[in-house]
Amino acid sequence: MKILIIGASGLVGSHCTHVLKNEFYDVVGTHLNFQTPETVYYDPLSVSEKNLQLDNVKPDIIIHCGALTNVDYCENNERESEIATVLSTKVLVDYCNRNNAKLIYLSTDYVFDGEKGPYPESTPTNPINVYGKHKLEAELLVKSLDKYIIARITNVYGEEERSKNFIARLVIWLQQNEVKKLDLPIDQFATPVYAGDIARMLLCLIRDDKTGIYNLSSTDYYDRYHLALKVKSFFRDNTSVILNPVQTAHLNQAAKRPLKGGLLNIKFIQQYPDFEFSNVDSFLKTLVNNEI
Ligand SMILES: NC(=O)c1ccc[n+]([C@@H]2O[C@H](COP(=O)([O-])OP(=O)(O)OC[C@H]3O[C@@H](n4cnc5c(N)ncnc54)[C@H](OP(=O)(O)O)[C@@H]3O)[C@@H](O)[C@H]2O)c1
């Protein structure tokens with residue numbers, strides 16, 4: 001079975017690449033701006049001859065991790081967000097439609113308004129910012145296919161080449177004793193999930209040919225400030241990184257944030273009761289132990 005991973009140079013896509021290759025799937029991974037040894041260039045909207053041609057790759061499954069993910073940038077650049085997130089997805093939906101391929105689309109808890117999270121899959125959507133609105137528009141395109149999975153995720157952490165994710169960045173600052181004072185919202189809740197777990201959960205869903213919407217979360221539920229405190233607790237000697245709890249309203253962010261966000265993964269757990277989840281604790285323990 002051939003699997004094309006759009007956005008394999010990113011956090012989720014790189015973990016999917018490793019997990020699926022380990023299981024001997026025939027995997028092709030793509031990047032947009034950041035090439036890695038395991039990726040080839042692909043822009044769904046480019047008509048250049050140098051662009052990867054889907055008709056030559058002939059994937060049975062496409063895992064689509066590509067999106068404009070800077071929420072405040074999306075708010076200020078609505079058209080760019082629409083092009084990167086919605087129109088790019090449309091190209092992949094059209095390919096899957098023509099070729100009877102399956103599309104696995106990585107989505108977000110930002111399709112919800114954050115009034116009553118964490119959310120089960122069945123909750124009516126109601127995005128409150130441009131990023132969430134475009135992710136939902138892309139979801140609706142994906143839902144028009146016969147064979148699809150919408151995998152909703154949030155607050156992803158894990159090892160990645162560029163260490164962009166919140167926990168990875170914080171760990172580097174703590175390890176390197178960088179002097180930082182971080183204003184962190186105490187009223188933005190979500191369900192952090194390890195990128196490696198997302199990849200292993202997707203492997204289960206691929207093997208069993210599942211379709212539909214799945215929340216891929218873990219066992220943690222944190223606000224940003226307490227998540228950072230948890231990370232810092234693994235670096236007890238550090239005095240250079242100061243964590244300052246603030247209300248979201250004080251941050252003057254361009255995009256509104258769903259405050260009580262997060263995702264309930266009851267559907268996945270009911271189908272895979274033996275699945276062993278990582279959590280922030282186990283991830284940090286492994287990280288710190290590997291350093292000694
Ligand atoms: N990380 C989170 O906490 C989180 C939470 C909720 C939802 N999600 C969703 O999960 C997906 C993956 O997130 P991530 O954290 O892995 O993001 P990431 O690390 O920023 O990776 C995104 C990947 O997609 C590529 N890409 C970006 N725009 C593209 C486009 N228009 N066409 C093709 N490729 C494109 C990027 O390429 P280059 O880097 O090479 O330019 C990169 O490989 C995204 O759809 C995001 O909306 C993530």
Side-chain angles (χ1 to χ4, degrees), residues 4-18 28-46 51-52 54 62-71 73-74 77 79-92 95 103-112 114 117 119 127 129-139 142 149-169 188 190-199 201-202 214-218 220 222 224 227 257-258 261-263 280:
L4 176 66
I5 301 179
I6 312 289
S9 57
L11 174 58
V12 176
S14 59
H15 281 264
C16 288
T17 303
H18 295 146
V28 177
T30 76
H31 66 269
L32 197 60
N33 300 303
F34 183 80
Q35 184 164 14
T36 78
E38 296 191 286
T39 59
V40 291
Y41 173 78
Y42 176 62
D43 177 352
L45 295 173
S46 165
N51 207 22
L52 185 78
L54 296 187
I62 297 177
I63 301 179
H64 181 26
C65 304
L68 199 54
T69 54
N70 182 327
V71 176
Y73 184 86
C74 289
N77 299 275
R79 181 64 185 151
E80 207 181 315
S81 166
E82 184 182 20
I83 291 169
T85 298
V86 186
L87 301 190
S88 293
T89 302
K90 170 116 181 44
V91 171
L92 303 173
Y95 171 86
L103 185 57
I104 300 180
Y105 181 65
L106 273 301
S107 192
T108 168
D109 64 338
Y110 274 38
V111 296
F112 300 117
Y119 294 98
N129 58 37
V130 167
Y131 169 76
K133 188 178 109 189
H134 288 153
K135 292 297 283 185
L136 180 60
E137 282 177 28
E139 277 195 8
V142 173
I149 291 174
I150 291 170
R152 290 187 182 139
I153 57 177
T154 181
N155 262 231
V156 187
Y157 59 89
E159 309 84 353
E160 66 173 324
E161 205 101 359
R162 285 171 277 183
S163 298
K164 299 181 277 69
N165 65 85
F166 176 64
I167 290 185
R169 268 186 296 143
Q188 279 183 36
T191 44
V193 60
Y194 176 53
D197 279 10
I198 295 173
M201 285 188 262
L202 287 178
Y214 281 86
N215 288 347
L216 303 185
S217 56
S218 179
D220 287 318
Y222 278 106
R224 270 281 150 143
L227 176 60
R257 299 302 200 272
L263 298 162
V280 174

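The model shown is predicted, which means the values in this text are computed figures rather than measured ones. Because only heavy atoms are used, hydrogens play no part in the values below, and waters and symmetry mates are left out as well, while side chains stay in. Start at 1 and go down the list; that is how both ligands and their atoms are numbered.
- Nearest heavy atoms, Leu87 versus Arg79: CD1-NH2, 4.1 Å.
- An N or O contact shorter than 3.5 Å is missing between Thr108 and ligand 1 by distance.
- Ligand-side atoms of ligand 1 in range of Ile6: 33 (C), 34 (N), range being under 4.0 angstrom from any heavy atom.
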Notebook entry, point to check: Which is it for Leu202 and Cys16 under the side-chain contact (heavy atoms from CB on, under 4.5 Å) test, yes or no, and what are the steps along the way?
Noted result: CA-CA 8 Å; Leu202 287 178; Cys16 288; 3.8 Å; yes

Next item on the list: Verify side-chain contact (heavy atoms from CB on, under 4.5 Å) between Tyr222 and Asn155, making sure each step is shown before the conclusion.
Entry: CA-CA 10 Å; Tyr222 278 106; Asn155 262 231; over 6 Å; no

Note to self: Using the rule given for side-chain contact (heavy atoms from CB on, under 4.5 Å), can you reason through Leu4 versus Leu52, listing the C-alpha separation, both sets of side-chain angles and the distance that settles it, and then say yes or no?
What the structure shows: CA-CA 11 Å; Leu4 176 66; Leu52 185 78; 4.0 Å; yes

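- Atoms of ligand 1 lying under 4.0 Å from any heavy atom of Thr154, numbered from 1 in the order shown and given with element: 5 (C), 6 (C).
- For atom 28 (N) of ligand 1, the candidate residues are Ala67, Pro192, Gly13, Ala84; the nearest heavy-atom contact is made by Ala67.
- Between Tyr194 and Tyr157, the ring-plane angle classifies as tilted under the 30° and 60° cut-offs.
- Using a distance-only test at 3.5 Å, with no hydrogens or angles considered, no donor-acceptor pair links the side chain of Asn77 to the main chain of Glu80.
- Proximity of Arg152 to ligand 1 is not established, as no heavy-atom distance is less than 4.0 Å.
- Atoms of ligand 1 found under 4.0 Å from any heavy atom of Ser88 (numbered from 1 in listed order, with element): 31 (N).
- Close approach of ligand 1 to Lys164 is summarised as follows: ligand atoms under 4.0 Å from at least one heavy atom of the residue are 18 (P), 19 (O), 20 (O).
- Using modelled atom types, one finds no donor on one side chain facing an acceptor on the other under 3.5 Å when comparing Thr17 with Glu38.
- Heavy-atom proximity to atom 30 (C) of ligand 1, evaluated over Asn155, Leu216, Leu32, is greatest for Leu32.
- Contact annotation for Tyr131 and ligand 1: only side-chain heavy atoms (C-beta onward) come within less than 4.0 Å of the ligand.
- Just one of Lys135, Arg152, Glu139 meets the side-chain hydrogen bond (donor to acceptor under 3.5 Å, both in side chains) condition when paired with Tyr105; it is Lys135.
- For Thr30 (side chain) and Gly7 (main-chain N/O), a donor-acceptor pair under 3.5 Å exists by modelled atom type.
- Closest to atom 35 (C) of ligand 1, if we only count protein heavy atoms, is Gly66 CA, 3.6 Å.
- Ligand 1 has no atom lying under 4.0 Å from any heavy atom of Ser14.
- Of all atoms in ligand 1, listed by their number and element, those nearer than 4.0 Å to a heavy atom of Leu106 are 10 (O), 11 (C), 45 (O).
- At a cut-off of 3.5 Å, with distance as the only test, a side-chain donor of Thr89 or His64 sits close to an acceptor on the other residue.
- The side-chain contact (heavy atoms from CB on, under 4.5 Å) test with Ile104 singles out one residue from Ile63, Ile6, Val142, Ile5, and that residue is Ile63.
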Margin query: Assess the residue pair Arg162 and Ser9 against the criterion (side-chain contact (heavy atoms from CB on, under 4.5 Å)); give the C-alpha distance rounded to whole Å, side-chain angles, the decisive distance to 0.1 Å, and a yes or no.
Written below: CA-CA 9 Å; Arg162 285 171 277 183; Ser9 57; 3.8 Å; yes

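- Among protein heavy atoms, the minimum distance from atom 23 (C) of ligand 1 is reached at Gly7 CA, 3.5 Å.
- Distance alone, capped at 3.5 Å, places no donor-acceptor pair between the Tyr110 side chain and the Lys133 backbone.
- Atoms of ligand 1 found under 4.0 Å from any heavy atom of His31 (numbered from 1 in listed order, with element): 40 (O).
- Shown in contact with Arg162 at under 4.0 Å from a heavy atom are these atoms of ligand 1, numbered in order with element: 39 (O).
- At the shortest separation from atom 48 (C) of ligand 1 among protein heavy atoms lies Ile153 CD1, 3.8 Å.
- Ranking the protein heavy atoms by distance from atom 42 (C) of ligand 1 puts Ser9 OG, 3.6 Å first.
- Here the heavy atom of the protein found nearest to atom 16 (O) of ligand 1 is Val12 N, 2.8 Å.
- Across all non-hydrogen atoms, the minimal contact from Asn51 to Ser46 is ND2-O, 3.1 Å.
- Less than 4.0 angstrom separates some heavy atom of Thr69 from each of these atoms of ligand 1: 20 (O), 44 (C), 46 (C), 47 (O).
- Of the protein's heavy atoms, Cys65 O, 3.2 Å lies nearest to atom 44 (C) of ligand 1.
- Looking at ligand 1, you'll find an N or O of Gly10 within less than 3.5 Å of one of its N or O atoms.
- Between Thr85 and His134, the side chains place no donor N or O within less than 3.5 Å of an acceptor N or O (distance only, hydrogens not considered).
- When hydrogens are left out, the protein atom nearest atom 3 (O) of ligand 1 is Val156 N, 2.9 Å; that is the closest non-hydrogen contact.
- Looking at Asn33 next to ligand 1, an N or O pair under 3.5 Å apart turns up.
- Protein heavy atom at the shortest distance from atom 32 (N) of ligand 1 is Pro44 CD, 3.3 Å.
- Within the structure, ligand 1 lacks Phe166 among the residues with a heavy atom less than 4.0 angstrom away.
- Considering backbone and side-chain N/O atoms, Tyr42 never comes within less than 3.5 Å of an N/O atom of ligand 1.
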